[in-house]
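See below for the structure under consideration.
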Amino acid sequence: MYYLQFLLSNLGRKKARTILTLLSIMIAFLLFGLLRSLAAAFDQGAEIAGEDRLVSINKISLIQPLPEAYLPKVQALDGVDKATSANWFGGYYQDPKNQFPQFPIVAEEYFEIYKEMITLPEEQMQAWKKNRMGVVIGKALVDRFKWKIGDRIPLIGMFPKEDGSTTWEFVIEGIYEAKSKGADTSAMLMHYDYFEEARQYGKGTLGWLIIQVKDPKQSAQVAAAVDALFANSPAETKTSSEKDFAKSFAKQFGDIGLITTLILGAVFFTMLLVAGNTMAQSFRERIPELAILKTLGFSDLAVMILVLAEAIVISLIGGLAGLLLAKFFISGAAESMAATLPGLNLSNTMMLFGVGLMFLFGLLTGIIPALQGLQLNIVAALRRR
Amino acid sequence: MTALATQSLAASELLVQLKGISKAYKKGKEQVSVLSKLDLDIRRGDFLALMGPSGSGKTTLLNLLGGLDKPTAGELMIGGQRLDQMSSSQLTKWRARHVGFIFQFYNLMPVLTAEKNVELPLLLTNLSSKQRKHHVAAALELVGLSNRAKHYPSELSGGQEQRVAIARALVSDPDLLLCDEPTGDLDRATADEILSLLQTLNQQQQKTIIMVTHDPRAADHARHVLHMDKGALVDDGRVTDAEH
Ligand SMILES: Nc1ncnc2c1ncn2[C@@H]1O[C@H](COP(=O)(O)OP(=O)(O)OP(=O)(O)O)[C@@H](O)[C@H]1O
Ligand SMILES: [Mg+2]
């Protein structure tokens, strides 16, 4: 009790400095919380994808297409349970800012292969299959654009139609929802047949193949077999687990994420450096007081613990405030950003990790003055006054 | 005179014994001798003023007596314990129990109130918080500062600060009080108050006091005066009686 009061009164010693220190630590941990949540959201697609799914893309790059004829060949391979394809539509709604993924796919095959992740009511599936211009959208898109079934949605596409226009019109026939936690519901799915028929260029090509293997233990062999099949052809394939694919996919728009991460990371460390230096400085000023404590009979260890405890308390007060603020922001942003960045969340594990970081930071800033206190020659320190 | 006589009878036992105490500092390769072969006996209940020119080694001697530093050679016995043979952590424990320090510059913790400053040494004991409060109140009472218990050092006068420092030195009830120029920073009147207080502590609480001072009038409050010069006791350690 006494010690706690002592610690707290030490914080009140130079109020302006303490407040500035606490603020820098708080901002640093606010950044930490935001950063980790963003990174976790980028990674999330990767974590839930099952190892039993493989994705084949053109070896040159994700944007290079594959010939349509590849799909039946892959489907016929030993070890392949089923396979389907997806394309990249790359459109936006009204304003280029309104980006979201749109994939031309084969309705039943796609929902079959992702059946443990997303689900669409049967009657909506039937209605969708009957309408060539029909699309289904994920729950997150409904929240974002307030669309509903029956709405006609014009999209500006990356590819022109045969008539030269880039405006593609679709009708919403269904809304799919996530079945497994964290599954992405921010995409619009359209009929490949309609896309194929209407597009001017690139007819007969697929974006990537999605392969379900019979036995997840055989994934590596199946992947190798697929790539072997098209080796030395004009369009060689690169087959990897869906995890890896999701990662490389996320990286496409994750570049901005990377830059922000780097900048925020630099700010985080600068903040901590500044705060740490200020704290160390404030301890150095108090070395004569540490000498008094030792004169009175406080052991080296006790003096050292006192210094470390204070450093850790400062770190915890500032850090927890920052982390709670981050939690507050993230929970607020999670809903409105569900479409662009699903799975945005500051997990308890991350919070705990943050608390660990606070302890570490406190230890690091306190250890040098604490060691100085430990080695303090009382006689010399008293003489200096 | 009778009171003094009975007291000197009870106090005839030796509290401090120095035999051939030397202290040297290493300065590069050279050894700088600060104290050389000091012999000194101090009786329990004495109030000793230590005088001498600047640099004569008074503070150095006081630091040895307080277990803040160790002699380079010689035997240092206080209350039957050999300080020269103790490790530094043993000395730390010894200090907490047996000695109180009073310095020229009050040396209080600026962030703690008077009573919290006084309580500080008691944290090293097994006393309960309630018992500690009790002892703190008694110590502040003794130095006449009960009404300033909740004040911070910055809210006290120099003399009051020094009284708090004395209360802190007293609170764990040590036998020995060591004062290094306790009035060096105070005006005459305040200094006299502090010296009277020390005198009272010596006479009524039987505290053995060793006080370094430059001020002959301060030395007048002591029972004995000891002169130092160039690291040695003048008159070979024989103490002169101060006039009362
Ligand atoms: N750490 C040290 N290293 C070298 N020499 C030292 C050290 N500490 C003290 N001395 C020297 O020891 C001598 C005695 O110092 P001390 O502080 O004991 O003197 P003093 O009698 O208390 O003087 P003052 O009246 O000025 O306080 C001085 O010459 C001083 O320079
Ligand atoms: Mg001195």
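Per chain, numbering begins at 1; letters A, B, ... match sequence-line order.
Figure legend: cation-pi geometry between A/K327 and A/F329 absent, as NZ or CZ is not positioned both under 6.0 Å from the six-membered ring centre and within 45° of its axis.
For B/L120, the parts sitting under 4.5 Å from any heavy atom of chain A are the backbone and the side chain alike. For B/L68, the parts lying near chain A are the backbone and the side chain together; criterion is any non-hydrogen pair under 4.5 Å. Proximity to chain A is absent for every atom of B/Y152, based on heavy atoms less than 4.5 angstrom apart.
Taking the charged nitrogens against the carboxylate oxygens, B/E155 and B/K150 have no contact shorter than 4.0 Å, which rules out a salt bridge. A/K294 has no carboxylate O lying under 4.0 Å from a charged side-chain N of A/E289, or vice versa, which leaves the two without a salt bridge. The pair B/K207-B/D173 meets the salt-bridge criterion, since a charged nitrogen lies less than 4.0 angstrom from a carboxylate oxygen. With respect to B/D84 and B/K70, no salt bridge is recorded, no charged nitrogen being found less than 4.0 Å from a carboxylate O.
For residues 296-303 of chain A, the interface with chain B (any heavy-atom pair closer than 4.5 Å) comprises A/L296, A/G297, A/F298, A/S299, sorted by residue number.
In summary, of the residues considered (B/N63, B/T213, B/T59), a side-chain hydrogen bond (donor to acceptor under 3.5 Å, both in side chains) with B/D180 occurs for B/T59 alone. When each of B/L61, B/L64, B/L35 is tested with B/L18 by the rule side chain to side chain contact (heavy atoms under 4.5 Å, CB included), just one qualifies, namely B/L61.
Chain A forms more heavy-atom pairs under 4.5 Å with one residue of B/R95, B/E119, B/R97 than with any other, namely B/R95.
B/Q160 contributes a side-chain N or O that, together with a main-chain N or O of B/S157, makes up a donor-acceptor pair within less than 3.5 Å.
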